[in-house]
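All remarks here apply to the structure that follows.
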Protein chains: 4
Amino acid sequence: MAEDADQARKSIGARRNPDSAEAILEAAEAVLVEAGYAGFSIEAVARRARAGKPTIYRWWPSKAALLLEVYQRQKRVDVPDTGKLEEDLVGFLENLFAHWRETSSGSVFRSLIAEAQTDETAATALAGYAGGRRAHTGQIIERAKARGEVANDIDPAVVADLVASYAWRHLLTNRLDEPEATIRKVVHYLLQGIAASGR
Amino acid sequence: MAEDADQARKSIGARRNPDSAEAILEAAEAVLVEAGYAGFSIEAVARRARAGKPTIYRWWPSKAALLLEVYQRQKRVDVPDTGKLEEDLVGFLENLFAHWRETSSGSVFRSLIAEAQTDETAATALAGYAGGRRAHTGQIIERAKARGEVANDIDPAVVADLVASYAWRHLLTNRLDEPEATIRKVVHYLLQGIAASGR
Amino acid sequence: MAEDADQARKSIGARRNPDSAEAILEAAEAVLVEAGYAGFSIEAVARRARAGKPTIYRWWPSKAALLLEVYQRQKRVDVPDTGKLEEDLVGFLENLFAHWRETSSGSVFRSLIAEAQTDETAATALAGYAGGRRAHTGQIIERAKARGEVANDIDPAVVADLVASYAWRHLLTNRLDEPEATIRKVVHYLLQGIAASGR
Amino acid sequence: MAEDADQARKSIGARRNPDSAEAILEAAEAVLVEAGYAGFSIEAVARRARAGKPTIYRWWPSKAALLLEVYQRQKRVDVPDTGKLEEDLVGFLENLFAHWRETSSGSVFRSLIAEAQTDETAATALAGYAGGRRAHTGQIIERAKARGEVANDIDPAVVADLVASYAWRHLLTNRLDEPEATIRKVVHYLLQGIAASGR
DNA sequence: AGTTAATCGAGACGGTACGTCTGGTCTTCAC
DNA sequence: GTGAAGACCAGACGTACCGTCTCGATTAACT
């Protein structure tokens with residue numbers, strides 16, 4: 001690891017030292033995993049990364065910015081493309097839950113959402129990010145629509161919003177271990193509706 | 001108001017002083033409204049309520065407990081019963097959004113969710129509360145099921161979860177001003193499904 | 001020592017804890033002795049005293065206030081009264097130099113003077129203190145005047161100022177080990193004048 | 001001025017750029033005048049001089065060295081030679097006080113003394129400088145001695161020390177506006193002594 | 001004429017200290 | 001024996017400087 005090799009990173013001139021950036025991002029993730037959002041402080045990250053606080057503040061104006069970059073560095077979750085909308089959505093949610101459960105992504109993203117309730121800039125950053133993801137998830141719906149699996153008058157963004165909402169709430173309430181059956185139920189309701197009449 | 005009348009509440013003997021409790025809850029709400037979750041601290045509440053910090057800690061073990069009580073003191077949102085599920089759900093969501101938008105409830109609940117990401121006891125308390133609400137919201141579905149509006153094999157708790165998820169995410173991302181049309185779309189998708197076939 | 005006995009001083013109610021005050025003053029003196037004025041920081045004092053920084057700032061608004069109190073706690077230097085002005089002044093200066101040399105007083109007072117160059121309030125505090133001391137030293141002259149040893153038109157405050165100036169400069173330039181002969185010379189010049197004529 | 005003409009001084013090859021040195025010394029003086037010793041930092045000087053910090057550290061190893069050079073660049077105070085010792089000494093002190101009061105010299109020298117309390121090298125430099133000045137001031141006494149105005153057994157260095165002490169203390173305690181009468185008193189005491197007997 | 005070497009402004013680096021804020025605990029005193 | 005008050009230790013906040021380092025450019029002096 002970068003922070004083991006050199007016992008004291010030096011400046012590399014009048015420009016950002018990528019080693020420091022790397023060490024800080026790694027430290028941020030490590031602190032978050034080990035101490036949780038409650039123990040996540042700039043001081044703790046600086047100590048862990050053997051970096052000065054001003055170095056962190058220079059590049060990340062807020063805790064939120066740091067969290068966001070940590071989150072974005074992580075591997076994206078796979079978006080399946082099986083040719084069947086139900087399988088795609090179930091797979092997507094299961095992948096997402098597993099990703100959040102099994103990597104530090106879940107902690108990081110929870111922290112980011114929490115931070116956004118406090119910090120205005122975090123809220124903005126998160127909104128921007130969420131917008132992007134919504135569009136991305138919407139493509140699952142778009143594809144299905146193109147295949148004729150989804151009615152023409154359906155707004156993919158709204159559907160994506162609904163799916164993401166479900167995921168967020170399970171993240172925020174520690175329910176990422178929902179059995180596949182439940183997820184399948186949710187997706188099924190969404191596809192077929194819950195109304196009795198009209199069938 | 002309690003905090004205006006007496007400039008220095010005294011002990012009323014060996015029992016809880018209800019004026020203090022009242023003043024603290026009011027102060028907590030006021031602080032939350034004026035300074036937001038970011039500025040919400042036990043210190044600030046104590047200052048505002050002209051109370052000692054230990055008095056607060058004696059009765060509310062954590063910030064979360066205080067927030068929860070503040071939230072619960074507030075007027076419940078109306079759950080409509082029009083006899084039509086779609087109208088009930090749209091009405092419920094609109095009432096809820098308006099309530100969150102127009103009273104301090106929204107801020108309080110946001111804060112509570114954020115706090116639950118840091119504080120374990122807050123998470124538990126919130127989970128308990130959310131469970132209760134889910135059951136409550138589930139009754140809208142139950143009623144519709146009893147009327148035959150909803151298919152027999154539908155799990156009301158899951159549907160309520162989905163609806164609540166949508167509400168939470170809009171609260172957390174500052175989108176409580178969603179137009180009725182969008183809300184109606186969401187409810188419609190949920191009722192009739194989004195699949196093209198099967199109609 | 002106070003700071004060894006109890007591993008964590010607690011509050012003793014809604015009033016100042018004398019143990020803390022004591023521990024802080026002792027720590028301040030110790031830090032000054034061990035690390036000098038250059039290493040004297042509120043942080044270092046807090047660490048040494050196992051006290052919180054706010055506790056220090058609560059009672060001493062500035063580094064200068066703390067230094068001043070440390071200085072004033074220390075034993076006063078003896079002002080001799082031999083009945084002969086020359087002996088009194090020589091004795092006073094020697095006592096003062098020895099006191100500054102052999103206790104921490106010298107370091108403390110140097111620091112105080114240095115701090116007063118930076119900090120306005122320190123300057124004021126020092127001016128007040130120095131005024132008091134000058135009056136005090138002036139009494140040596142007054143006594144001699146009463147005995148008829150000093151001319152009637154002599155202003156004791158001015159003489160005291162001159163004597164104190166000599167002491168200050170030797171403190172500030174690390175010349176507290178001046179031999180008695182030199183001190184006696186200075187006092188002699190002051191008493192008898194340096195002019196050739198008029199003798 | 002040098003720092004106005006060129007908006008970015010460049011290197012002039014493998015030797016010291018006198019423009020930079022000049023700009024730094026001017027900036028140091030300006031910062032000291034405008035912000036006082038409290039606001040005097042190498043960073044501030046570098047900013048003001050549009051110079052890199054290493055350029056300053058290359059030529060002046062410490063804040064003290066920089067201060068000393070700033071002080072020495074300034075016009076010397078006039079040492080009067082009226083042929084009468086009393087007039088010489090009164091004049092010297094008045095010139096010195098005026099010089100310190102009306103130019104930036106006072107601030108600079110105060111800062112230098114303060115710095116010497118922190119910085120060992122500053123103390124050495126100051127001691128060297130003060131020694132030189134003492135010898136210089138001593139010449140007033142020497143001249144008087146040659147004229148027979150001063151007794152033979154008087155040590156000019158000690159007298160000069162006493163005079164300088166008086167000046168230092170007035171500088172350090174913001175009393176440079178002493179009326180001429182007081183200064184004359186001091187000089188008079190020194191020349192004629194304060195003792196009543198022996199006249 | 002090309003190379004070398006020292007200088008320049010610039011600004012990032014790991015650190016330390018600043019003075020403030022809050023968290024949660026504890027004790028005293030008035031009621 | 002409770003409530004209000006406020007002090008206590010602890011430690012995070014975000015900022016200012018410290019003194020060091022590395023850069024890319026610039027240019028005089030030495031091959």
Side-chain angles (χ1 to χ4, degrees), chain A residues 7-17 19-21 39-44 46 49-59 61-63, chain B residues 8-17 19-21 39-44 46 49-59 61-63, chain C residues 7-17 19-21 39-44 46-47 49-59 61-63, chain D residues 7-17 19-20 39-44 46-47 49-59 61-63:
Chain A
Q7 60 262 46
R9 277 182 312 278
K10 296 296 178 55
S11 166
I12 57 167
R15 66 191 208 283
R16 185 174 190 172
N17 185 339
D19 287 352
S20 290
F40 181 78
S41 67
I42 298 287
E43 295 238 355
R50 309 189 108 278
K53 274 197 291 175
T55 303
I56 299 183
Y57 281 109
R58 182 158 23 242
W59 301 112
S62 67
K63 218 153 42 166
Chain B
R9 271 184 317 282
K10 296 298 175 54
S11 166
I12 56 169
R15 65 188 206 281
R16 182 174 187 174
N17 185 338
D19 285 353
S20 290
F40 182 77
S41 67
I42 297 287
E43 296 241 351
R50 313 187 108 277
K53 279 198 286 175
T55 304
I56 299 182
Y57 280 109
R58 188 167 2 252
W59 302 111
S62 67
K63 212 150 55 163
Chain C
Q7 59 262 47
R9 274 184 314 280
K10 297 298 177 54
S11 164
I12 56 166
R15 67 191 209 284
R16 186 174 190 174
N17 185 340
D19 287 353
S20 289
F40 182 76
S41 67
I42 297 287
E43 295 239 354
R47 266 198 303 273
R50 310 189 105 277
K53 275 197 289 175
T55 302
I56 299 183
Y57 281 108
R58 181 162 16 244
W59 301 111
S62 67
K63 221 157 34 171
Chain D
Q7 61 258 52
R9 275 183 312 281
K10 296 298 177 56
S11 165
I12 56 166
R15 66 188 209 283
R16 185 176 188 172
N17 184 340
D19 286 352
S20 289
F40 181 77
S41 67
I42 297 288
E43 295 240 353
R47 265 196 304 273
R50 308 190 108 280
K53 277 198 288 176
T55 304
I56 299 183
Y57 281 107
R58 185 160 15 243
W59 302 112
S62 66
K63 213 148 55 160

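Chain identifiers are assigned alphabetically (A, B, ...) following the order of the sequence lines, protein sequences preceding nucleic acid strands; residue numbering begins at 1 within each chain.
Distance from the side chain of B/W59 is smallest for F/dG3 among the nucleotides F/dA10, E/dG14, F/dG3. For C/S41, counting side-chain heavy atoms from C-beta on, the closest listed nucleotide (E/dA17, F/dG3, E/dC8) is E/dA17. Set against E/dC8, F/dC8, F/dC21, the side chain of D/P54 has F/dC21 as its closest nucleotide. Minimum atom distance to the side chain of D/I42 is reached by F/dC18, of the listed F/dC9, F/dC18, E/dG11. Comparing atom distances between the A/Y57 side chain and each of E/dC8, E/dG19, F/dC13 picks out F/dC13 as nearest. Among E/dG14, F/dG11, F/dC8, the nucleotide with an atom closest to any side-chain atom of C/R16 is F/dC8.
Each of B/G52 and C/A46 has a nearest nucleotide on DNA chain F; the 5'-most of these lies closest to B/G52. Toward the 5' end of DNA chain E, the nearer of the two residues C/G39 and D/R58, judged by each one's closest nucleotide, is D/R58. Summary of the strand contacts: D/T55 and C/A44 both lie near DNA chain E, and taking for each the nucleotide with the nearest heavy atom, the more 5' one is attributed to D/T55.
In this structure, A/D19 atom CG and F/dT22 atom P are separated by 13 Å, rounded to whole Å. Distance, D/R50 CZ to E/dA10 P: 5 Å, rounded to whole Å. For the pair A/I56 CD1 and E/dG15 C1', the computed distance is 13 Å after rounding to whole Å. Rounded to a whole Å, the CD atom of B/E43 is 11 Å from the P atom of F/dA7.
Residues passing the side chain to side chain contact (heavy atoms under 4.5 Å, CB included) test with B/S62 are B/A64, B/A65, B/D119, B/T121, sequence neighbours excluded. Scored by the side chain to side chain donor-acceptor pair (under 3.5 Å) test, A/K63 finds no partners at all (sequence neighbours excluded).
Residue A/S20 is classed as a sugar-phosphate contact, given heavy-atom separations below 4.0 Å to backbone atoms only. Among the heavy atoms of the strands lying under 4.0 Å from A/K53 is at least one base atom, whether or not backbone atoms are also near.
Looking only at side-chain heavy atoms (C-beta outward), C/R58 and C/T55 come within less than 4.5 Å of each other.
An OP1 or OP2 oxygen of E/dA12 is reached within less than 4.0 angstrom by no side-chain nitrogen or oxygen of A/R15.
In terms of heavy-atom proximity, D/G39 sits nearest to D/A44 at O-CB, 4.0 Å. Taking both residues in full, the closest heavy atoms of B/G52 and B/A46 are given as C-CB, 4.3 Å, listed atom of the first, atom of the second, then distance.
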